[in-house]
There are 2 protein chains.
Amino acid sequence: MEISHRNLTQQLTHELGKAILQGKYNEFKKLPSEADISTEYDVSRTATREAIKMLTAKGLISSRPRQGIKLKDIKNWNLFDTDVLRWILLGKPDLYMLKHFLEVRLAIEPAAAALAAKFASDDELMRIEHTLSKMKFEQSGYDDTHQADIDFHKSILLASNNPFFIQLQTFIETALKVNLHFTNRADAVSEKEYQQHVDIFTFIKAGEEQKAFDAAATTTKSTIRLVEEKITELKLLNLQE
Amino acid sequence: MEISHRNLTQQLTHELGKAILQGKYNEFKKLPSEADISTEYDVSRTATREAIKMLTAKGLISSRPRQGIKLKDIKNWNLFDTDVLRWILLGKPDLYMLKHFLEVRLAIEPAAAALAAKFASDDELMRIEHTLSKMKFEQSGYDDTHQADIDFHKSILLASNNPFFIQLQTFIETALKVNLHFTNRADAVSEKEYQQHVDIFTFIKAGEEQKAFDAAATTTKSTIRLVEEKITELKLLNLQE
DNA sequence: AGGTCAATTTTGTATTATAAATACTATTGT
DNA sequence: ACAATAGTATTTATAATACAAAATTGACCT
């Protein structure tokens, strides 16, 4: 693997993290030794060790003398870490992963909308509204597709005034991207979807906690149902073979 | 700071992380240089750098040549990281933090209960039930106080069959500990609380998604109200001074 | 005053050496 | 033959040193 000549530690961390999330080391539960990684990527042991430490900090691996570097069970992984999420996205997530993302979205986003209805400042409301107007552009095909959609969801988290929800911005962004990856639509956001977003914003602005909550929950729920149907379809297909 | 002679990197990471979460470096937004940290804690630059890398991986700091090591804004912190949560707990969280924890619990736990009602296996149901019986012991004053309570909440997350919810076990555990820290009760779980837990379990076992959701939501909601009242009380007191 | 460039400081990377942990092997004694 | 024990080898952990690269600072020049 070719690694260029700046930020070796960061790059190597990225390469190894990506490889792990792509399941390249899953079979043996064991990674190459420090020495082997160093020679394979042609970096010093120092850089290798620092990359290993970063992955250790994210819960992906652990290392002990004479035992080498071993993969940790997924329950130890920091699945809410920005980098880990990026690697998940690069690892071609399957339908099950999409379902898991949606289940968390269903937990987080309605709650965030309710908090936003309760606590959002004028600035924060304006920011949400701004993403809506950008979405209208996207409907006509302008601008970066679906980015305004993503920003809408993120701006609600921001308006929750809760650092934990705010930290989940990357998570929701990744979840939406995984979703897009499956629905696979290069086309713009539909009129119906746009209207649902407007509704959520209206309730938030009006301070209607419960209604904002419900509005945010409805869409996600129906998406989950769709995915669940698709999964059972696939299961049936596999049984037929 | 005295650091003993094993796992230097880990220990130093812990010390620095704790210090950061206690706000010791918040004023200047800048940490000592690698060299200074090395001499202060009497470890080599290698160990120091590896600790720095681990904290970087958790989003707490960043470092650049000639600029030194700087604190990152809280929105970059991995607030769902196990270590970060431990350091938050050690940093004497305030009422606002407790409120933020409760808001996330209100989002996560009812959703997890609903998922558990939908997907929990027999094993997972048994595990939940087991924690309930341990809670009954605790009522009588036996065993590690409130640990069974914590385990109850964790076992529901485990039964959600969703890796993201499962990963939130440490988060919920920390949230509960912060709560305990404020209610400050060494005494056992009350009969009323126990009954609420039993209800949640019953609905989960019966596969009643919505009821499990509601049952899990009710308690947390009333706790949030209590905390919010306490906060407004304190605000009024501060205004009088 | 303003811009260019060199000096300085701090992190980034490489290299080498040694210590510590632990799995594996061989030996020894019964 | 077997078990306990001591020795060996492997791999990470830590240290120390040297140099490279980035970025700020400041001096110098025009």
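Naming convention: chains lettered A, B, ... in sequence-line order (proteins, then strands); numbering from 1 in each chain. Remember, it's a predicted structure, so these values are computed and weren't measured experimentally.
For the segment residues 30-38 of chain A, the set of residues with a heavy atom within less than 4.0 Å of an atom of DNA chain C is empty. Within residues 60-71 of chain A, the residues that place at least one heavy atom under 4.0 Å from DNA chain C are, in residue-number order, A/Arg64, A/Pro65, A/Arg66, A/Gln67. A heavy-atom distance below 4.0 Å to DNA chain D is reached by these residues of residues 45-57 of chain B, ordered by number: B/Arg45, B/Thr46, B/Ala47.
Between A/His100 and B/Phe164, the ring planes are perpendicular. Angles over 60° get that label, and only those under 30° would be called parallel.
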For residues 151-159 of chain B, dump all side-chain donor-acceptor pairs below 3.5 Å to protein atoms at least two apart in sequence or in another chain.
| unit_1 | atom_1 | unit_2 | atom_2 | d |
| --- | --- | --- | --- | --- |
| B/Asp151 | OD1 | B/Gln147 | NE2 | 3.2 |
| B/His153 | ND1 | B/Glu109 | OE2 | 2.8 |
| B/His153 | NE2 | B/Asp149 | OD1 | 3.3 |
| B/His153 | NE2 | B/His197 | NE2 | 3.2 |
| B/Lys154 | NZ | B/Glu173 | OE1 | 2.7 |
| B/Ser155 | OG | B/Asp151 | O | 3.2 |
| B/Ser155 | OG | B/Phe152 | O | 2.7 |

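For the helix from C/dA1-D/dT30 to C/dT30-D/dA1, the rotation axes defined at the first and last 5 base pairs enclose an angle of 10°, given to the nearest 10°.
The environment of CZ in B/Arg86 is crowded: more than 12 heavy-atom neighbours from other residues, nucleotides or ligands sit within 6.0 Å. Around the CG atom of B/Asp122, the shell of radius 6.0 Å holds no more than 12 heavy atoms that belong to other residues, nucleotides or ligands. The number of heavy atoms from other shown groups lying within 6.0 Å of NZ (B/Lys72) does not exceed 12.
Side chain of A/Gln169 to main chain of A/Ile166: a donor-acceptor pair is present (N/O by atom type, distance under 3.5 Å, no hydrogens or angles). No donor-acceptor pair under 3.5 Å is formed between the side chain of A/Asn76 and the backbone N or O of A/Gly59.
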Inset, instruction - List the steps, then state whether side chain to side chain contact (heavy atoms under 4.5 Å, CB included) holds for A/Thr131 with A/Phe201. - result: CA-CA 10 Å; A/Thr131 64; A/Phe201 171 67; over 6 Å; no

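Summarising the geometry, the separation between CG on B/Asn7 and P on D/dT14 is reported as 6 Å, rounded to the nearest angstrom. Summarising the geometry, the separation between CD on B/Gln11 and C1' on D/dT14 is reported as 13 Å, rounded to the nearest angstrom.
Between A/Ser44 and C/dA14 there is a side-chain polar atom (N or O) within less than 4.0 angstrom of OP1 or OP2.
Between A/Asn26 and the options A/Ile20, A/Leu71, A/Leu21, a side chain to side chain contact (heavy atoms under 4.5 Å, CB included) holds for only A/Leu71.
For A/Thr48 against A/Ser38, the heavy-atom pair with the smallest separation is OG1-OG, 2.9 Å.
Separating the OG1 atom in A/Thr174 from the NE2 atom in A/His181 is a distance of 13.0 Å, to the nearest 0.5 Å.
Each salt bridge (charged side-chain N to carboxylate O under 4.0 Å, His left out) pair with one or both residues in residues 49-67 of chain A, not counting sequence neighbours, appears once here: A/Glu34-A/Arg49, A/Arg49-B/Glu50, A/Glu50-B/Arg49, A/Lys58-A/Asp81, A/Lys58-A/Asp83.
Looking at heavy atoms from C-beta onward, B/Met126 lies out of side-chain contact with B/His130 at the 4.5 angstrom threshold.
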